[in-house]
2 protein chains.
Amino acid sequence: MGVLEKVRTRSRAAAPAAPAELPLDQILMGDCIAAMRSLPAKSVDCIFADPPYNLQLGGDLNRPDGSHVDAVTDHWDKFDSLAVYDRFTREWLAEARRILKDDGTIWVIGSYHNIFKVGSAIQDLGFWILNDIIWRKANPMPNFKGTRFTNAHETLIWASSGEKAKYTFNYRSMKTLNDELQMRSDWEFPICGGQERLKKDGHKVHPTQKPEALLYRILLASTKPGDVVLDPFFGTGTTGAVAKRLGRHWIGIERELDYVDAAMERIAAALPLDESQLKTMQAPKAAPRVAFGQLVENGYLMPGAVLTDAKRKHVAVVGADGSLRCGDNAGSIHKLGAALQGAPSCNGWTYWHHEVDGKLKPIDTLRQTYLLATQP
Amino acid sequence: MGVLEKVRTRSRAAAPAAPAELPLDQILMGDCIAAMRSLPAKSVDCIFADPPYNLQLGGDLNRPDGSHVDAVTDHWDKFDSLAVYDRFTREWLAEARRILKDDGTIWVIGSYHNIFKVGSAIQDLGFWILNDIIWRKANPMPNFKGTRFTNAHETLIWASSGEKAKYTFNYRSMKTLNDELQMRSDWEFPICGGQERLKKDGHKVHPTQKPEALLYRILLASTKPGDVVLDPFFGTGTTGAVAKRLGRHWIGIERELDYVDAAMERIAAALPLDESQLKTMQAPKAAPRVAFGQLVENGYLMPGAVLTDAKRKHVAVVGADGSLRCGDNAGSIHKLGAALQGAPSCNGWTYWHHEVDGKLKPIDTLRQTYLLATQP
DNA sequence: TGGATCTTTGAATCATTCC
DNA sequence: AGGAATGATTCAAAGATCC
């Protein structure tokens, strides 16, 4: 096992403190599994992993014009057999599971060469798959030989620590990001190129550098500001750069010195966003619950007041105890709404309306008024 | 093992003859593995398999409007554990490998519930994966509870009988079908509905009927006229209907009588196409939709950037998730624009502007720039 | 008949808090 | 721990209905 070196970057994270024993905002240099063993159990909120794909490339590949394709031929992508790759996968995933908090999630990206082994191991280890996500490449490399379909996507697996585990999913942020439509499981991004692509002496520093846009969406979807994100295959530090921008802590593991150097320089140059820019569209959770009866007690609605649904199909009368009655039917605003619609459940706050100046308004607005008046 | 019944349909295939011992253009009724054992080794050119997904659904699911989701609760999708499912998968795949010709290929479709187990077994059994293909659903079911990303795709694995094996790939047909661009690994189709969806007494006959367009592309890509296509999970016979249309022989295996009945009727009604009719039928692509958040993710606008309307009446700041904030008001570019104007709706793309060289330009120009940069 | 509007539905591992 | 109460939540396509 290699010696671990902690490499501190100059980043002064704008994020709140986290458990002191974690090497926050640092790169651990060395073997991925050994380095993970040095981290405490249940200590990180999110793991993003871009493991070797085990590409098993044959000979060289040339384009139709004769030029040479700069493929992934690095030694770290070589495994003696599928079985060896499988064992390696299960080992690092087992460590990942130990380090992940109960309410944390893991992301792994791969291609058809390795993703089925990865996904199978994830399930066997007790992770619970939440989604598989397709990264559709806007500009993939064509299949020069015309022997197969253009390999135009990669697959990500997103999993929680177990079937019943809680996890962070910033639903509102994702919906906002996608123009008020639910974010789907297929994402389109260009491959990493242009200014973003790290180069040295005209050659790309890392053969499979991931686009920052991809990590941006991943971290925005599944972490909160101040969370700790671990990347056990850090490469040139895309995860660290985006985590820093988004006010998340990061920990990277990488054994190639060239990559570590490039990553440190890159992350040092990354600029964190202000607090105000980080404000996302999270549902305001903290608002205390208000019982409908409180509105009656406090005179926002009088007993005997008449409520109706938006289409004035049903009419109900408010009781002194905050119940609603409609003919022989009576119950809470939710129960009665559900019963009248024959639905299994109903949000009474948005279903029931009262008339103000001839217009119907949902009683939820009364709740907001009450909250504004009573909150400090 | 159940008794096998051969069910001969009235189809008189327009295709050339094939080995006599094969039950061509017939449905074998019975257990999939037992039926496969009755077929000779290395006898079929292509296998398409749509095995049970092992969905493991929890309780009922209702839509926000209270209506009930008609989920897959059929007995054939129930397995005692992941290990049992894994064993079942390896058993039928091993039989499939025995039956497949050396130069044949296999297709398997699945979702994240099962596809990793399938893919892992495919590799372990010595098949050689050629591509994984994404079926992007044009109209997937939303995630009603807002707990995950909309599950908007399914995955297909395409594999040959081994690493060095020859196989059929009709490259030209695929390129023609795709407007003279190489066919990519992500395919978009609507889910099966409308006239195509088989119904009985107003209810769908099969819960997971696949669209014929999907099988059309699969068979056109990977088989030749007269080839024999085996479908060990035949269901209501999509594979048979499309194979007949395309002049391929088919063999189906199915154990549910209701499905067999529906399949026979359907295939009998299917009309083989003339050669001339085999020409493409792809609709031209509409310009892809761009979400405002994509511009932020891809650095066309930074979080913190300032936008304003054409008259500089309102000023708003871009958030990290593509939201806009103006004082206490926040939301998508459309929502915030509407709110500030007191209008019911607003096209944020033309309403909001950013300053370039002292001049205001609508953010729609950024969208155009992004489209130009990312579209082929 | 045609356009506008309403209704239905699809392989789904789909909640959280309080008592 | 388990049951009950509360409350948050949907997109596109096809078909039906209405005017």
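The sequence lines fix the lettering, A, B, ..., with proteins before strands; numbering per chain opens at 1.
Distance M183(A) CE to dT10(D) P: 14 Å, rounded to the nearest Å. In this structure, I363(A) places its CD1 atom 13 Å from C1' of dT6(D), rounding to the nearest Å. For N62(B) and dG7(D), the CG to P distance is 18 Å, given to the nearest whole Å. Here the C1' atom of nucleotide dA5(D) and the CG atom of N347(A) are 13 Å apart, to the nearest Å. What separates CD of Q182(A) from C1' of dA12(D) is a distance of 12 Å, to the nearest Å. Separating the OH atom of Y351(A) from the P atom of dT6(D) is a distance of 17 Å, rounded to the nearest angstrom. In this structure, the CG atom of N178(A) is 14 Å from the C1' atom of dT10(D), given to the nearest Å.
Distance check on atom C1': dA8(D) versus dT17(C) gives 13 Å, rounded to whole Å. Rounded to a whole angstrom, the distance from the C1' atom of dC18(D) to that of dT1(C) is 13 Å. Separating the C1' atom of dC18(C) from that of dG7(D) is a span of 13 Å, rounded to the nearest Å. Atom name P, nucleotides dA12(C) and dT6(D): the rounded distance is 31 Å, in whole Å. Taking atom C1' on both nucleotides, dT10(D) is separated from dT8(C) by 13 Å, rounded to a whole Å.
Residues of residues 192-202 of chain B having a heavy atom closer than 4.0 Å to DNA chain D, listed by number: G194(B), Q195(B). Listed by residue number, the members of residues 141-159 of chain B with any heavy atom below 4.0 angstrom from DNA chain C are M141(B), P142(B), N143(B), F144(B), K145(B), T147(B), R148(B), N151(B), E154(B). Residues from residues 315-338 of chain A lying near DNA chain D, meaning a heavy-atom separation below 4.0 Å, are S332(A), H334(A), K335(A) in numerical order.
No engagement by N131(A) is indicated, since no non-hydrogen atom pair under 4.0 Å with the nucleic acid exists. If you check every strand for non-hydrogen atoms under 4.0 Å, G59(B) touches a base. Using a 4.0 Å heavy-atom distance criterion, I129(A) is classed as a base contact. The residue L55(B) sits close to a base: some heavy atom pair falls under 4.0 Å. A138(B) comes within 4.0 angstrom of the backbone, heavy atoms only, and of no base. Residue contacts shown for D77(B) include a base, since a base heavy atom lies under 4.0 Å away. Within 4.0 Å (heavy atoms only), S111(B) reaches no atom of the nucleic acid at all. Note on W349(A): only backbone sugar-phosphate atoms sit closer than 4.0 angstrom, heavy atoms only; bases stay farther off. Contact annotation for P207(B): backbone-only contact, meaning every heavy-atom pair under 4.0 Å involves sugar-phosphate atoms and none involves a base. Heavy atoms of P211(B) sit nowhere under 4.0 angstrom from any nucleic acid atom.
Each salt bridge (charged side-chain N to carboxylate O under 4.0 Å, His left out) pair with one or both residues in residues 134-155 of chain B, not counting sequence neighbours, appears once here: D186(A)-R136(B), R136(B)-E188(B), K137(B)-E154(B).
The shortest distance between side-chain heavy atoms of M183(A) and K175(A) does not fall below 4.5 Å.
Ion pair R172(A)/D321(B) not flagged as a salt bridge, since none of the NZ, NE, NH1 or NH2 atoms sits closer than 4.0 Å to an Asp/Glu carboxylate oxygen. The residues E212(B) and R266(B) are annotated as salt-bridged, a charged nitrogen and a carboxylate oxygen being separated by less than 4.0 angstrom.
Protein chain A contacts DNA chain C over a range whose 5' and 3' limits, counting nucleotides with an atom under 4.0 angstrom from a non-hydrogen atom, are dT13(C) to dT17(C).
Note on ring orientation: taking the six-membered ring where Trp is involved, the planes of W92(B) and F88(B) are tilted (angle from 30° to 60°).
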So what's the dot-bracket for DNA chain D: Watson-Crick or G-U pairs under 3.5 Å, [ ] if a pair crosses, | if it pairs off-strand? .|||||....|||||||||
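Test F233(B), F234(B), W76(B) against H206(B) for ring pair (Phe, Tyr, Trp, His ring centres under 6.0 Å) and you get one pass: W76(B).
Within 6.0 Å of the NZ atom in K78(B), the count of heavy atoms belonging to other residues, nucleotides or ligands exceeds 12.
The aromatic ring centres of F127(A) and W158(A) sit 6.0 Å or more apart. W128(A) has its ring centre no less than 6.0 Å from the ring centre of Y167(A).
Base orientation of dT5(C): anti (glycosidic angle beyond 90° from 0).
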